[in-house]
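Below is one structure, written out as structure tokens, with a few remarks after it.
The sequence lines fix the lettering, A, B, ..., with proteins before strands; numbering per chain opens at 1.
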Amino acid sequence: MKFPVRDYDLASTLACGQAFRWQQQQASWTGVIGNRWVRLRSTQNCILAETGEPAEHWDWLTDYLQIEMDLEVVLASFPDDEPMRSAVCACRGLRLLRQEPWECLASFILSSTKQIVQIRQIIALLCERYGESLAVPAGEAAAHGFPSPARLAALNEAELRSCKMGFRAPYLLATAQAIAQNQFDLERLRGMPVAEARIELISLPGVGRKIADCVLLFAYGFQAAFPVDVWVMKALCELYFPRRRPTLPRLQHFTETYFGDNAGYAQQYLFHYMRTRRPVKSNE
DNA sequence: AACCAGGACACAA
DNA sequence: TTGTGTCATGGT
């Protein structure tokens, strides 16, 4: 299947640390969306997609990739300052995906104080061991879906720890159980105001402000959510507060007012910019 | 070989 | 409210 797009940087989008299951081989990317194996390839003006099994429709993919999203409008809404111009220039065409809430939530519970390569490894192990086997084209490596809340809730802490997730295991287990036992409904958050949905997410074990904002932004599409991790913190301090060191609430207020309605998008551009730019030496 | 990584949490002052 | 120690693992 072929989808016309413009200004879509597939590589940056799939590798920028919002999703953790995409693998690059030559010019294409393979991954799993829901319970489908997918291979994506990008040409000048379109994205080519093939699936493990014939697909009857493609809404799940266009929604995930946010093909319809008008990036021009989003970029135009960014503050017109030097840091944002540099960040956009570094990865123009980067999009925010629209991921499935449970996988996104679980993934970011596993993300705390881990490098992206390690997060990918933990999630790969978890899926390989406990995820459903998926149909893949002949000759392709086996693929697995992301294990359901019920599947993980039935495990014990030691089994989770053996996936190398360390102290995050009890958090993931408790959150999986809350969802599997219907004490928490991820779907209910869709219609809520952001602030309210955030409070709900933070009530889950292992979920604080940062992880909640990641899920709000990457799964539910609340584009005002602005996750502040160590990289974004560094970006904000270096680029916007080079002299005085801002207090945390002051910084939070800044992110909520300065970057506009698409603050979350701006945040992802800053994040990617900080992680990929040439390392800055202290004497420059 | 230290230092650090898409943090959250309990507890101190 | 703001600051500190702790948690587990492995990349750089």
With hydrophobic residues grouped by side-chain heavy-atom distances under 4.5 Å, do A:Phe218 and A:Trp60 end up in a single group?
no
Counting any heavy atom closer than 4.0 Å, what does A:Val228 reach on the DNA or RNA strands: base, sugar-phosphate only, or nothing?
nothing
Look at A:Arg129 together with A:Glu159 and state whether they make a salt bridge at an N to O cut-off of under 4.0 Å.
no
For A:Ile123 and C:dT9, give me the distance from atom CD1 to atom P, rounded to whole Å.
17 Å
Taking atom P in both C:dG5 and B:dG6, compute the distance separating them and give it to the nearest angstrom.
23 Å
Should A:Phe226 and A:Phe271 be marked as a ring-ring contact (aromatic ring centres under 6.0 Å, His included) after you check the CA-CA gap, both sets of side-chain angles, and the distance that decides it?
CA-CA 11 Å; A:Phe226 194 106; A:Phe271 177 74; over 10 Å; no
Residue whose closest nucleotide on DNA chain B lies nearer the 5' end, A:Gly206 versus A:Gln115:
A:Gln115
Which is true for A:Ser111 with a 4.0 Å heavy-atom rule: it touches a base, it touches only sugar-phosphate, or it touches nothing?
sugar-phosphate
The side chain of A:Gln18 lies closest to which of these nucleotides: B:dA5, C:dA8, B:dG6?
B:dG6
Rounded to whole Å, how long is the line connecting atom NZ of A:Lys234 with atom C1' of B:dG7?
16 Å
Side chain of A:Phe167: nearest nucleotide among B:dG6, C:dG10, C:dC7?
C:dC7
Is there a donor and acceptor pair, one atom on the side chain of A:Gln118 and one on the base of B:dG6, closer than 3.5 Å?
no
Need one value for A:Gly208: base, sugar-phosphate or nothing, where a base atom within 4.0 Å counts as base even if backbone is also close, heavy atoms only.
sugar-phosphate
Given the side-chain rings of A:Tyr240 and A:Phe259, with only the six-membered ring counted for Trp, is the space between their centroids under 6.0 Å?
yes
Taking for A:Phe108 and for A:Leu204 the nucleotide of DNA chain B with the nearest heavy atom, the one nearer the 5' end belongs to A:Phe108
Measure from CG on A:Leu110 to P on B:dG7 and round the result to the nearest Å.
12 Å
If the P atom of C:dT4 is compared with that of B:dC4, how far apart are they to the nearest Å?
16 Å
Think A:Arg168 has a side-chain N or O under 4.0 angstrom from the OP1 or OP2 of B:dA8?
no
Measure CH2/A:Trp231 against C1'/B:dG7 and give the value in whole Å, please.
16 Å
So what does A:Lys164 hit on the nucleic acid, given a heavy-atom distance under 4.0 Å: a base, only sugar-phosphate, or nothing?
sugar-phosphate
Please state whether the rings of A:Tyr64 and A:Trp22 are parallel, tilted or perpendicular, taking 30° and 60° as the class boundaries.
tilted
Whole-Å distance separating the CG atom of A:Leu172 from the P atom of B:dC9:
13 Å
With hydrogens left out and only the distance checked, is there a donor-acceptor pair under 3.5 Å joining A:Gln121's side chain and the base of C:dG11?
no
Atom pair distance, as rounded to whole Å: NZ in A:Lys114 and P in C:dC7
15 Å
Paired with A:Val228, the side-chain contact (heavy atoms from CB on, under 4.5 Å) test is passed by just one of A:Met233, A:Arg209, A:Lys210, namely A:Met233
Nearest-Å distance, CD1 (A:Ile116) to P (B:dG7)?
9 Å
How close or far is atom C1' of B:dG7 from atom CG of A:Leu105, stated in whole angstroms?
14 Å
